[in-house]
Each structure stands twice: as C-alpha cells, then as structure tokens.
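See below for the structure under consideration.
Just so you know, ligand 1 is whichever comes first in the structure, and atom 1 is the first atom listed for that ligand. As the structure is a computational prediction, the values presented were derived from the model and not from experiment.
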Amino acid sequence: MKVLVVGSGGRDHAIAWSFARSDRVDQVYVAHGNAGIGLTATCVNARTIEEIAAFAAAEKIDLTFVGPEKPLSAGIVDLFERRGLAIVGPNLAASRLESSKCDTKLLLRELGVPVPEFEVFSDPDRARDYVRSVGYPVVVKADGLAAGKGSLVCDEVKDAATAIQEIMEARVFGDAGRRVDIEKRLYGRELSFFCFTDGHSIVPMVAAQDYKRELDQDQGKNTGGMGSYSPHPWLTDQLVEIIMRRVAQPVINGLRERHGIVYRGILYLGLMLVDEADGMVPYVLEINIRLGDPEAQVILPRLKTDLVDICEAILSGRLEDFHLDWEPDYRLCLIAVSGRTKSKKGWYKGYPARYKIKVPIVGLDDVDPECLVFHSGTDWDPDGALITTGGRVFGIVARGATLQAAREQAYTEMAKVSFEGMRTRGDIGRD
Ligand code: GLY
C-alpha cells in the first residue's frame, strides 16, 4: 500500500520511518519533508492542505497520517473525508483542543478533569489585575498555536506583567495572543502521555519524558523540545489507570457525548503529576492533537505493532481490545539546535530566539548505524552539502538496556557531528 505522511520535522521523520518498516507498505511519501526524510521516503512538494489532498487523490494514496498540528487545525481531515480519502487525525472541531488553550481549559473544568487554577482573559489590564491579586507564580499561555513557545513561566508578578505585555500587546506570537490562559504554576513531575483513540476506545502508549526548556536544569525559555527518553520511570500501571480514568476517558467521552465530537487519532496529554494527600493527581497543563516532537522519536522506535494496523483500527472503530507490543529497551533522543552565532549585524542568540540558517553540517555519516538520526531542519544546498534550515536541526536516538547506556551512546555519537553554533542540552536523561 501507499502511505502519505504530512509533516517536515523530526517527529514526522520518525513517523515515516515507522511506516517504512511495515511489511504492508510499498511506498512512503512525505509532504513536504526535509533532507533526512528524503533518505527514508519520497518527499513531495505539496504545502497547502488542498495541494496535499490533490496529491493523495492523484497518487491513489491508501492512508494518510498527519504529524503536526497546523494542517489538522486548518481542517485537513475534514477535507480528506469530504473527498473520500483515508486519513488519521482529529477533525477541525476536535483540533480546537490544541488551537485554543483557553477553550480547552474551560472544557476540562466543565468535564471535571484536574486542571491548575486558571482564568482566561482577552483584556490585558484585567489580566494584569488578576496576576497582582493572586500573587503566586503563574504560567501565562497564549491561546493559539505558538510552536511550543507560547507558555511563559513567571515566578514574579513583574514577569507575568511582561509576559502579558509581550503576548497580548506586542503580539510576539501574532493572533495566538488575542487571549491568554493564566494558570497557577504547579510543581511536580511533568509527563507526556499519548493514546491512540477511535473516539470511543482509548489505547495508551508508553510515555516519554520531554525536556522543554532550552538550558540544563530546566533553565531558560521554552522550546519545542530539546530531548526525550522512554520508558518513563514514573509511569506505573496504577498511574496509567489514574490518567485514563481521570483525564483521557472524560475528555474523549465528554467531547462525544456533550459536544458531538468523535475524536480520532492521537491524544497527547501534557500532565503535571502532583503528589497530594489523597494520591497522585494528573493535572492537565495542555492537550495536543498529535504525537510530540521529540517524544515520537523515542516512542515509535519502541513500537513493535505495525502502525498501519493501528491506523486501520482507528479508522474502522476497532480499537477496543487492540493490544500494542513494545520493545523494553530505553531510547534516548538528543536534539542538536542552532545556537549562538555571529552574523553581519551582530549576534544571533540561537534557538528558541533568532538563529542562523544554511550552515553546513558535518559528521552525520560517522554516527553509529545502530542509532537513528531523525532530521528536523535540514536541506541540501545546490552543491549537495547538508545544511541547517531550522532551530531544531536533527536528533540522534540511541538505544540501551538502561537509560544510562542510551544516554552515553547518544552523547558519544553527537560528539561526531558539528555545525557552526551547534548546541545540545547536557543533561538529557540525567535524572
Ligand atoms: N515536545 C512538545 C511538543 O511536541 O509539543
């Protein structure tokens, strides 16, 4: 069969790699891909959802799988369904779970799902009054899509006032900042929890630890993710049961029963686990409608079940009793990003702030073939040299019987690669 993956990042490379492993798949296409994805699959220069649907129809694609949130939030699933094309992912109505943090928090409160104390504001003055009145550390979140950078953690009232100014008045995230969700900052253990769902049944995946902050010891700004590993040491069967009962099931059932939305695809719960007097409480920090990046780079290599079989079960509503097989070994992903570099006009601070692109990358061919290399922001220059095109450039995924072994190999292999300004966090997997 022919499979089309929509996306161009490291997660999408991992999805394409996973389909390429399937005995049932003859050809994997990716719209629009990157240099590394082109080594795994056939990249297609289709960018808009209309161009992608036209390609899928013309090429008679059997199954399309969407990696990132943007095409989902632009209604790619509704468009494919109208044209009778098989596609896995939530539809436009369901995609609001990611494209509006404010509406999602209000929905979760309505459904009785644990959320931090929060309020929603469209008036910056009222938002500032609120942070002054509560006085505790908060997280100020832009309502809309902001590539993982729209949540600003504020320990002081003055930091929160600055965040409100930047998001709502300076509009550093554009229209995503028309409203903000201001939440009480929680302290606990962050966990990215993923499920497959057909809108009725929900099958949990293994969990992953993500590292969102740019610097070691969780300092600096939020990024899309600087590294990840799986399995997650905290995720016991008992905790899975709690998350399913208190979060995943109420969300999927509530959407269907109260709002008529059948959510099909991947549900990504960004949780803060807080140990309280009556046990561990999984507070929802955010919901996403897709696999995480770089969590997918460590989860999919552990998946032994054929991804095509899973997709077919989602589309035909047969996920009930579906069993997933996983490899027990650890996988650890270390992301190389475009760091500080000098430009003609001064210094670029580097990802997640401004960074230089079109910088040659050397050494990837020397990485141990036992490791996986998933590309995020790469391209070929006219002379055939590999160059950077993004903030996150590539990830190296190592495998080990222990987290320590996977960590050591990822750092050893990363040391073989270089580009101007290349930077990694030094503490991925050092928990
Ligand atoms: N790693 C966080 C995300 O994918 O949103």
Side-chain angles (χ1 to χ4, degrees), residues 5-15 18 34 65-73 89-90 95-101 104-105 139 141-153 173 176 181 183 189-196 205-215 218 220-232 235 265-273 284-302 331-337 351-352 374-377 390-397 424-425 427-429 431:
V5 176
V6 178
S8 59
R11 166 199 44 227
D12 315 313
H13 193 174
I15 295 167
S18 198
N34 61 38
F65 189 103
V66 187
E69 63 278 15
K70 272 200 178 155
L72 292 167
S73 300
S95 73
R96 291 288 294 165
L97 282 181
E98 180 157 358
S99 61
S100 175
K101 295 201 172 29
T104 298
K105 281 285 153 45
V139 184
K141 297 184 172 179
D143 182 44
L145 299 178
K149 300 178 209 162
S151 296
L152 305 183
V153 179
F173 305 116
D181 159 30
E183 296 179 6
R189 178 84 185 203
E190 256 187 275
L191 173 82
S192 302
F193 187 86
F194 300 91
C195 311
F196 293 110
M205 298 186 214
V206 292
Q209 174 72 48
D210 182 21
Y211 291 79
K212 287 202 176 67
R213 301 288 200 97
E214 60 175 325
L215 304 173
D218 286 337
K221 293 214 157 96
N222 265 333
T223 68
M226 298 291 291
S228 57
Y229 69 80
S230 177
H232 195 288
L235 196 72
I266 283 155
L267 181 70
Y268 165 168
L269 304 174
L271 303 171
M272 181 68 85
L273 306 174
V284 179
L285 302 183
E286 62 179 26
I287 296 189
N288 296 319
I289 55 174
R290 53 178 171 83
L291 281 166
D293 187 349
E295 295 95 320
Q297 286 93 310
V298 291
I299 288 177
L300 291 176
R302 296 188 57 220
R331 296 278 183 160
L332 183 139
C333 176
L334 181 59
I335 300 285
V337 303
Y351 180 77
F374 292 128
H375 290 228
S376 304
R392 289 192 290 179
V393 178
F394 63 89
I396 293 184
V397 182
T424 61
R425 263 181 69 158
D427 62 347
I428 306 300
D431 288 7

Quiz item: Hey, does R290 sit under 4.0 Å from ligand 1 if you only count heavy atoms?
Solution: yes
Self-check item: Partner set under side-chain contact (heavy atoms from CB on, under 4.5 Å) for N222, not counting sequence neighbours
Solution: S151, K212, R213
Practice problem: Quick one: list whatever passes side-chain contact (heavy atoms from CB on, under 4.5 Å) with P352, sequence neighbours left out. | Solution: K149, E214, K221, T223
Ligand-residue contact atoms, ligand 1 with [X], heavy atoms, under 4.0 Å:
X    : result
E295 : 1 (N), 2 (C), 4 (O)
D210 : 1 (N), 2 (C)
G292 : 4 (O)

Quiz item: Quick one: nearest non-hydrogen protein atom to atom 3 (C) of ligand 1, plus distance?
Solution: Y268 OH, 3.5 Å
If you measure every N/O of [X] against every N/O of ligand 1, is any gap under 3.5 Å?
X    : result
E286 : no
R11  : no
G224 : yes

Nearest heavy-atom neighbours spanning [X] and [Y]:
X    : Y    : result
V5   : D12  : CG1-O, 4.0 Å
D210 : G225 : OD1-CA, 3.7 Å
F374 : Q297 : CD1-CG, 3.4 Å
D427 : D218 : OD2-N, 4.5 Å

